[in-house]
Amino acid sequence: MAILKQFFTISKPYWLSRASALSWLLLLATITLSLLLVQVMVKLNVWNKEFFDALAALDGPLIYDLLLQFVGLVAAIVLIKVYEKWLQQWVEIRWRSALTEQLMTRWLSKQNFYYLTLTNEPDNPDQRIAEDIKLLTTDTLKLLINFIKSVATLSAFSIVLWNLSAGFLLPVFADFSVSGYLLWLAIIYSVLGAGITHFFGHKLHNLFYQQQKREANFRARLVRNRDSSEQIALMQGQKTEKATLDGMFEEIALNWKSLMGREKKLGLVVNTYHQIAAMVPYFAAIPALMAKVITVGGLFQVKMAFMKVYASLSWFIFSYDDLTRWSATVVRLGQFIDAMDKSELLQKEARSSEQHQGIQSTKLNIQQPNGKALLNNLDLNIAQGESVMIQGASGLGKSTLLRTLAGVWPFYQGHYQTDSDVLLLPQKPYLNQSTLRECLSYPNQSGSDASIYLSALESVGLSDLKNELDSQVEWSLKLSGGEQQKLALARALIAKPRVLILDEATSSLDETTASTLIKKVQRELSSSTIIMVSHQSTLKNLFNRTVDLNPFAHDHQVDKVKRNCKTDNLTVKLS
């Protein structure tokens with residue numbers, strides 16, 4: 001029930017919305033074709049009896065007439081199956097598109113992609129969006145359509161089986177006989193098979209879950225190695241990375257072998273069950289055939305009807321692999337949504353609703369995600385257009401303060417106000433894989449005026465890239481660390497934010513180059529508020545003033561209290 005509840009939580013935003021109207025029509029059309037297919041199969045069942053009776057009677061004209069009917073039935077079956085699948089695929093892509101848009105928008109627009117990394121992020125959110133949604137939509141519709149088809153088939157062919165054996169009472173004991181015994185036999189056989197299948201296959205759920213998780217971890221590690229290829233090469237870390245990847249793949253292989261073993265046991269049961277089922281109706285129908293209740297054609301009719309009823313009642317057995325994979329997928333997506341729910345509960349208003357020029361904070365307390373205090377009772381008052389250097393001991397929380405002021409750090413108490421137009425440049429810039437023009441404009445749309453970009457590149461000393469403005473390469477791999485930081489500063493010159501926050505944004509540059517670039521940024525963004533954290537001492541003199549965070553450090557406050565306590569104790573002793 002918990003899995004079904006998770007499934008309804010995931011699916012109802014789309015299926016209860018107006019956008020799903022066409023999908024409902026397509027789904028109903030798919031179900032209609034499925035039910036029509038069942039009716040055609042009933043006609044094929046009747047055809048079986050008539051055809052084999054005609055063969056037994058050597059009735060040539062009737063045989064050829066029935067062969068023509070068979071061609072029509074086959075044509076109908078083929079067309080229905082093709083269009084049933086086609087309509088089902090339309091529903092799949094519409095639902096998948098909507099669900100992907102819903103989760104991707106929620107993951108990105110509310111910055112859950114970042115906040116989840118600060119808390120308990122589920123493994124591989126990318127795989128849950130890209131792969132698990134696809135599995136959910138495909139498997140859900142497949143299971144649903146097959147279930148409805150099984151119920152309809154069971155209803156139609158149960159009547160056939162009952163009618164074929166209703167006129168014959170199978171004596172079980174001296175004083176007890178069974179009417180319609182072929183139907184009861186099919187039910188008993190299917191229920192017994194379902195129980196045995198669940199006994200051998202119930203562990204598949206966790207194995208499928210672990211397989212999806214380990215495969216995603218392996219893919220993510222490969223991508224991470226590619227993104228960090230230069231650092232790994234410089235440190236000669238390829239052997240370590242190879243060993244790590246070998247270990248991760250070994251985990252995949254071990255779980256796969258466990259999955260193989262479990263599926264082998266299940267396969268032995270299911271295939272034995274299925275092969276025996278093919279002969280059961282023949283043996284079961286012998287008493288009725290010997291009593292001349294059914295004909296030879298009726299025997300083949302019994303075979304087909306029994307197999308249809310058996311297959312319908314065995315839906316659970318034949319869908320067991322799909323059901324276990326589906327349940328694992330529902331759990332993974334449910335965990336992802338729950339994590340975003342918790343992330344959004346933790347998020348607070350990153351900025352005051354009241355717009356403010358410059359930056360102000362009152363009794364601002366900043367913590368780590370685990371609740372450990374970093375800074376206490378911080379009051380800031382930075383005017384619009386002022387340049388301020390933030391200093392403090394390593395590990396004090398300088399970068400965390402900058403992220404709080406940028407509106408992306410939710411673990412704080414107190415109050416602060418900033419302008420709505422804020423740009424933070426971290427130590428390692430994010431350079432999207434796109435044209436240089438688009439990279440310089442990020443996160444805004446690029447413009448057609450090349451002079452803006454060329455001027456910015458020249459200002460930061462990247463004139464050699466002026467002919468590559470529309471080249472699309474992976475800039476994070478092509479450019480050195482210093483060039484990447486220059487490109488980020490050029491991005492700031494183009495964006496012209498009202499508040500620019502620099503977190504060690506020139507750490508890969510020599511101090512002379514860093515000083516020259518900061519002067520240019522201050523000159524070209526003279527009306528912007530600029531806050532910087534840097535360990536490059538020569539930059540300090542370029543700013544209007546310096547704010548020392550050491551007095552606001554939590555450890556500093558604790559030490560101060562301890563010193564006061566020691567002084568008080570000493571005073572008591574002297575008195």
| request: Check whether the side chains of Ser23 and Tyr14 place a donor and an acceptor atom closer than 3.5 Å, and report yes or no. | output: yes
| field | With Trp15, the ring-ring contact (aromatic ring centres under 6.0 Å, His included) member among Phe8, Trp95, Phe7 | value | Trp95
| So, do Phe51 and Phe70 have ring centers that fall under 6.0 Å from each other? | no
| Does the pair Asn255 and Gln210 meet the rule for a side chain to side chain donor-acceptor pair (under 3.5 Å), with working shown? | CA-CA 7 Å; Asn255 194 79; Gln210 289 298 325; over 6 Å; no
| What closest approach, in Å, do Leu33 and Ile80 show between heavy atoms, and which atom pair accounts for it? | O-CG2, 3.3 Å
| field | Shortest non-hydrogen separation from Gln484 to Leu479 and the atoms involved | value | NE2-O, 3.0 Å
| task | Carefully, step by step, assess Thr435 and Asp470 under the rule side chain to side chain donor-acceptor pair (under 3.5 Å). | result | CA-CA 5 Å; Thr435 65; Asp470 294 311; 5.0 Å; no
| query | Would you say Phe249 has more than 12 foreign heavy atoms packed within less than 6.0 Å of its CZ? | reply | no
| request: Check whether any side-chain heavy atom of Arg221 sits under 4.5 Å from a side-chain heavy atom of Asn217, and report yes or no. | output: no
| request: Taking the side chain as every heavy atom from C-beta outward, state whether Glu92 and Asp139 have any pair of such atoms under 4.5 Å apart. | output: no
| query | What distance separates Thr137 OG1 from Ile93 CD1, expressed to the nearest 0.5 Å? | reply | 7.5 Å
| query | Is there a side-chain contact between Thr140 and Val330 (heavy atoms, below 4.5 Å)? | reply | no
| query | Just one of Leu141, Leu25, Leu22 clears the side chain to side chain contact (heavy atoms under 4.5 Å, CB included) bar with Val91, so which one? | reply | Leu141
| said: Testing the basics here: between Ser34 and Glu84, what is the closest heavy-atom pair and its distance to 0.1 Å? | reply: OG-OE2, 2.8 Å
| request: Report yes if some heavy atom in the side chain of Ile145 is under 4.5 Å from a heavy atom in the side chain of Gln88; otherwise report no. | output: yes
| task | Compare every heavy atom of Ala130 with every heavy atom of Lys134, then report the nearest pair and how far apart it is. | result | CB-O, 3.9 Å
| Taking every non-hydrogen atom, the tightest pair across Trp475 and Ser471 | CZ2-O, 3.3 Å
| task | May I ask you to test the Leu436-Tyr453 pair for a side-chain heavy-atom distance under 4.5 Å? | result | no
| message | Minimum heavy-atom separation for Ser446 and Ser441, please, with both atom names. | response | CA-OG, 3.2 Å
| said: Pairing donors with acceptors under 3.5 angstrom, does anything connect the side chains of Ser343 and Asn112? | reply: yes
